[in-house]
Amino acid sequence: MKAWLKTLCLVPLAAAALVGASPARAADLLDTVKSAGVLKIGIEGTYPPFNYRGTDGQLDGFDVDVAKAVAERLGVKPMFVTTEWSGIIGGLVAGKFDVIVNQVAITDERKKSLDFSQPYTYSAAQLIQRKDDKREFNSLEALKGHKLGVSLGSNYDKLAKAVPGIDVRTYPGAPEYLRDLAAGRVDAALNDRLMLAYLIKTSNLPLRPGAVLQSTNQSVGIPFRKGNPKFAKAIDDALASMKQDGSLTKLAEKWFGEDVSKPAK
């Protein structure tokens with residue numbers, strides 16, 4: 001048989017082999033992380049007391065401690081990648097890091113594109129008011145016709161805008177809206193109840209905690225890209241072991257004075 005005829009005969013055989021072959025499956029994230037020896041963690045680094053840079057320039061906070069403990073239980077080193085909140089979910093989807101440990105609330109919308117670990121924090125939204133303001137806003141509905149300060153793109157931004165009639169004012173972050181609140185340019189502000197004591201103390205402004213919005217109870221987990229069942233189990237096993245041995249409770253009490261790893265009763 002001539003060489004050119006052999007080639008023609010081999011073409012359909014090769015094509016048939018390609019059709020019958022199953023596509024190669026991407027490695028599970030657990031294998032990738034274990035191979036690299038590093039867990040890349042997306043974090044803001046500007047969200048105290050959850051994550052921030054201390055006076056020594058090193059990252060510190062509740063989320064940082066949790067992330068380090070999870071990495072240790074996976075048998076790898078933590079590598080923190082600081083990212084602004086506005087781009088942190090996009091960074092995870094794009095593969096810039098493996099997980100986010102940054103108080104990401106578990107929502108049905110986010111679960112459409114991401115997988116989550118079991119919750120490691122439970123919280124709720126809480127209002128902030130001026131000390132000299134005798135009004136009590138006990139719900140978001142009570143703020144209809146009033147100005148409410150929130151961080152742009154946050155859960156609280158969406159929460160407030162879902163209630164018609166509230167004049168929602170968005171800001172880059174808490175320092176900006178707290179200053180406007182103290183100056184009377186907004187009537188109240190909204191943030192995570194776990195942050196309030198820290199925010200009010202460090203702002204040195206005449207502010208006080210307002211009502212906790214019980215209807216906004218939320219659970220916080222560690223998100224990662226879909227299609228990684230081995231990694232999902234490993235992350236859940238790590239958190240479960242931290243709950244079982246009490247180490248997660250100790251971290252919560254260290255930063256908040258209470259066990260925020262369990263739903264409030």
Side-chain angles (χ1 to χ4, degrees), residues 29-30 32-33 36 38-54 57-71 74 76-125 149-161 168 170-177 190-195 198-199 216 218-228 231-232 234-236 238-239 251 255 260:
L29 182 57
L30 182 63
T32 305
V33 167
V38 170
L39 179 68
K40 291 183 286 186
I41 304 152
I43 203 164
E44 282 180 276
T46 56
Y47 190 42
F50 299 107
N51 55 81
Y52 64 98
R53 291 196 182 276
Q58 299 299 307
L59 285 168
D60 201 2
F62 176 66
D63 283 336
V64 175
D65 283 350
V66 169
K68 287 178 177 177
V70 167
L74 293 181
V76 297
K77 295 180 179 179
M79 177 194 296
F80 293 99
V81 182
T82 54
T83 306
E84 289 186 2
W85 173 257
S86 59
I88 203 164
I89 297 291
L92 177 62
V93 173
K96 293 182 179 179
F97 26 83
D98 305 312
V99 296
I100 301 171
V101 186
N102 200 101
Q103 293 301 295
V104 183
I106 302 171
T107 66
D108 290 338
E109 186 64 27
R110 287 174 178 157
K111 286 166 71 174
K112 291 177 183 177
S113 56
L114 298 170
D115 280 342
F116 278 85
S117 70
Q118 61 179 273
Y120 70 95
T121 310
Y122 294 86
S123 189
V150 295
S151 292
L152 178 64
S154 67
N155 293 335
Y156 310 107
D157 181 1
K158 296 175 183 176
L159 184 67
K161 288 177 178 175
V168 181
T170 56
Y171 296 82
E176 292 83 4
Y177 66 63
L190 189 64
N191 208 313
D192 191 313
R193 78 171 184 88
L194 299 180
M195 283 199 69
Y198 179 89
L199 286 175
T216 64
Q218 64 183 18
S219 54
V220 169
I222 299 175
F224 47 92
R225 293 182 295 282
K226 283 185 174 293
N228 295 285
F231 184 79
I235 289 287
D236 269 349
L239 288 172
L251 290 179
W255 288 102
V260 301

Spatial distance of atom [atom1] ([X]) from atom [atom2] ([Y]) [nearest 0.5 Å]:
{"X": "Phe116", "Y": "Ser219", "atom1": "CZ", "atom2": "OG", "answer": "9.0 Å"}
{"X": "Ser117", "Y": "Asp236", "atom1": "OG", "atom2": "CG", "answer": "6.0 Å"}
{"X": "Met79", "Y": "Ile41", "atom1": "CE", "atom2": "CD1", "answer": "9.5 Å"}
{"X": "Lys96", "Y": "Ile88", "atom1": "NZ", "atom2": "CD1", "answer": "11.0 Å"}
{"X": "Ile100", "Y": "Lys40", "atom1": "CD1", "atom2": "NZ", "answer": "13.5 Å"}
{"X": "Asp63", "Y": "Asn51", "atom1": "CG", "atom2": "CG", "answer": "5.0 Å"}

Indicate yes or no for a side-chain donor-acceptor contact from Arg225 to the backbone of Leu92 under 3.5 Å, with no hydrogens or angles considered.
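Confirmed, Arg225 side chain pairs with Leu92 backbone.
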Would you find more than 12 non-hydrogen atoms of other residues, nucleotides or ligands less than 6.0 Å from Lys226 atom NZ?
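Atom NZ in Lys226 is packed in, count exceeds 12.
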Quick one: does Tyr171's side chain get under 4.5 Å of Val150's, heavy atoms only?
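Contact flag for Tyr171/Val150 side chains = no.
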Decide side-chain contact (heavy atoms from CB on, under 4.5 Å) for Ile106 and Lys111; before the verdict, give the C-alpha distance in whole Å, the side-chain angles of both, and the deciding distance to 0.1 Å.
CA-CA 7 Å; Ile106 302 171; Lys111 286 166 71 174; 3.7 Å; yes
Are Leu194 and Phe50 close enough, and set up right, to give a side-chain contact (heavy atoms from CB on, under 4.5 Å), and what steps lead you there?
CA-CA 9 Å; Leu194 299 180; Phe50 299 107; 3.8 Å; yes
If you measure only the distance, is there a donor-acceptor pair under 3.5 Å linking the side chains of Trp255 and Asp65?
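Their side chains do contain a donor-acceptor pair, which is all the 3.5 Å distance test asks for.
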Pair Asp115, Asn228 - check side-chain contact (heavy atoms from CB on, under 4.5 Å), show working.
CA-CA 9 Å; Asp115 280 342; Asn228 295 285; over 6 Å; no
Before giving the answer on side-chain contact (heavy atoms from CB on, under 4.5 Å), spell out for Tyr177 and Ser151 the whole-Å C-alpha distance, their side-chain angles and the decisive distance to 0.1 Å.
CA-CA 8 Å; Tyr177 66 63; Ser151 292; 3.5 Å; yes
Given the rule in the salt bridge (Lys or Arg N to Asp or Glu O under 4.0 Å) test, do Asp157 and Lys161 qualify, once you have shown the distances and angles that lead to the verdict?
CA-CA 6 Å; Asp157 181 1; Lys161 288 177 178 175; 3.1 Å; yes
What about the rings of Tyr52 and Tyr47, do their centers lie closer together than 6.0 Å?
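Distance test on ring centres: not under 6.0 Å, no.
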